[in-house]
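Okay, structure first, notes after.
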Amino acid sequence: MALALFCGDIAFDVSLRVARFPEPDEKTHAFENLVGAGGVVANSAVACVRQGVGAALLAVVGDDVFGTYATGYLAARGVGVTGVTTTPGRTAVSVCTLAEDGEKRLVYTSSVSQYPPPERLRDADLDGVDWIHTSCLHPEAAAVLAERARAAGIPLSVDLEPHALGHGVQALAPALYGAAVVFLNDRAAAEVGDVRGFSARHRLGSVVRTQGSRGAVLTDGSGDAAVAPPPAGRIVDTTGAGDCLAGVYIARSLSGQDPHTALRAAVASATYACGHLGAQGGYPDRETTDGLLR
């Protein structure tokens, strides 16, 4: 079985659905709740496993109950966690509250579980790894991993979050250079500007721009190809939809599919996931995804 290595953040997630948000000093009842473990790359790893491709994490958690829970939760979902280490400090906690009308409010704590330090990545075991996926929340450390991926000839994909762009594109350049694919959303694309120029400057194989309910656009050497989502039911929670898309795209690429076919499966899976509560609550397995494409 192919193996993808996911490097980045882990968080303890709480999702709550309410009829409406409370007024100041008012208590309201959540009619649905979900507790789990997430984070950008952790979510993508779960999505990859759900598609029948092996996934392992290279990450750090704090020495608290949230870190212990999150690691066990991800292991129970088939993600390899031997590369998850513990360090003194707090694991990130994410609380997402969703109202019936679809409005979402998200609170996220800073923590030690954002990204492994550079020294950890210099010694990481990459034997048997067929793909590496990383965030760029720590540009210096991500650059170390990217250089090792290039030296080993391992395809690299990067989740370019808007928050990471706060470091500046030049600071991120060593981590981006030569990546097989960079995933970004509309907000990040707006900050980047000319996506085709951005791709050419960093020698990227392709860029996948996620566009919410409109699907995604694949930009590569042959031009731009839009992929629309399949018909969707009620949207419950869009949290982690982009992470799902990235994980499915990686799994399908490692299964031998071409980029456009892989992106069709990824968009369909992410759309399906939005009909369920929680970042991973609706991540489909391979059979379900295939059914969405028929």
Side-chain angles (χ1 to χ4, degrees), residues 3-12 37-46 48 54-75 79-94 108-161 163-183 202-203 243 246-247 250:
L3 176 66
L5 180 66
F6 293 80
C7 182
D9 58 322
I10 293 179
F12 175 82
V40 171
V41 300
N43 288 336
S44 294
V46 171
C48 183
L57 280 168
L58 188 56
V60 177
V61 294
D63 58 350
D64 54 11
V65 65
F66 298 127
T68 301
Y69 176 89
T71 304
Y73 181 96
L74 294 165
V79 177
V81 296
T82 57
V84 178
T85 56
T86 301
T87 193
R90 296 180 179 178
T91 303
V93 175
S94 173
Y108 190 86
T109 65
S110 58
S111 70
V112 297
S113 59
Q114 293 295 301
Y115 203 89
E119 58 272 17
R120 170 86 188 290
L121 301 179
R122 293 188 185 100
D123 298 328
D125 184 7
L126 301 183
D127 287 346
V129 173
D130 301 294
W131 189 291
I132 296 174
H133 180 66
T134 184
S135 66
C136 274
L137 295 177
H138 191 317
E140 180 187 354
V144 171
L145 185 63
E147 177 55 36
R148 292 200 60 199
R150 288 189 289 267
I154 301 172
L156 173 76
S157 57
V158 178
D159 191 311
L160 189 56
E161 300 174 82
H163 181 67
L165 284 167
H167 295 285
V169 175
Q170 283 305 112
L172 299 173
L176 296 171
Y177 185 82
V181 56
V182 168
F183 298 93
H202 297 285
R203 300 288 193 272
D243 307 336
I250 291 164

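Numbers for residues simply follow the sequence, beginning at 1.
Within the 4.5 Å cutoff, no side-chain heavy atoms of Ser135 are placed close to those of Cys7. Considering only heavy atoms from C-beta on, Val60 comes within 4.5 Å of Arg120 through its side chain. Side chains of Tyr177 and Arg150 form a contact here, defined as non-hydrogen atoms less than 4.5 Å apart.
Judged by distance alone, the side chain of His138 and the main-chain N or O of Gln114 form no donor-acceptor pair under 3.5 Å. The backbone N or O of Ser113 lies less than 3.5 Å from no partner atom in the side chain of Arg90, so there is not a single donor-acceptor pair. A distance-only check finds a donor-acceptor pair linking the side chain of Asp63 to the backbone of Gly89 [under 3.5 Å]. Checked by atom type and distance alone, the side chain of Arg122 never pairs as donor or acceptor with a backbone atom of Arg148 at under 3.5 Å. Looking only at distances, a side-chain donor or acceptor of Asp9 sits under 3.5 Å from a matching main-chain atom of Val40.
Between Phe6 and His133, the ring center distance clears the sub-6.0 Å criterion.
Note that the CG atom of Asp64 and the OG atom of Ser111 stand 9.0 Å from one another [nearest 0.5 Å]. The line from CG of Asp130 to CG of Leu5 is 10.5 Å long, rounded to the nearest 0.5 Å. The distance from the CG atom of Leu74 to the OH atom of Tyr69 is 9.5 Å, given to the nearest 0.5 Å.
Smallest separation of non-hydrogen atoms from Leu137 and His167: O-NE2, 3.2 Å. Residues Ser44 and Ala246 come closest through the heavy atom pair OG-CB, 3.9 Å. Considering all non-hydrogen atoms of both residues, Ala149 and Ile132 come closest at CB-CD1, 3.8 Å. Across Thr91 and Thr109, no two heavy atoms sit closer than the pair O-OG1, 4.2 Å. Across all their heavy atoms, Pro117 and Ala141 have their closest contact at C-CB, 4.2 Å. The two atoms that bring Tyr115 and Leu121 nearest to each other are CE2-CD1, 3.6 Å, heavy atoms only.
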Set out, in order, the CA-CA distance, both residues' side-chain angles and the distance that settles side chain to side chain contact (heavy atoms under 4.5 Å, CB included) for Ile250 and Ser157, then state yes or no. CA-CA 8 Å; Ile250 291 164; Ser157 57; 3.6 Å; yes
Could you walk me through whether Val182 and Leu176 satisfy the side chain to side chain contact (heavy atoms under 4.5 Å, CB included) test, starting with their C-alpha distance in whole Å, then the side-chain angles of each, then the deciding distance to 0.1 Å, before giving a yes or no? CA-CA 8 Å; Val182 168; Leu176 296 171; 4.0 Å; yes
Step by step, would you call Thr134 with Asp159 a side chain to side chain contact (heavy atoms under 4.5 Å, CB included)? CA-CA 6 Å; Thr134 184; Asp159 191 311; over 6 Å; no
Checking side chain to side chain contact (heavy atoms under 4.5 Å, CB included) for the pair Ile10/Val84: CA distance, chi angles, key distance, verdict? CA-CA 9 Å; Ile10 293 179; Val84 178; 4.1 Å; yes
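The neighbour count for Glu119 CD, taken as heavy atoms of other residues, nucleotides or ligands under 6.0 Å away, is above 12.
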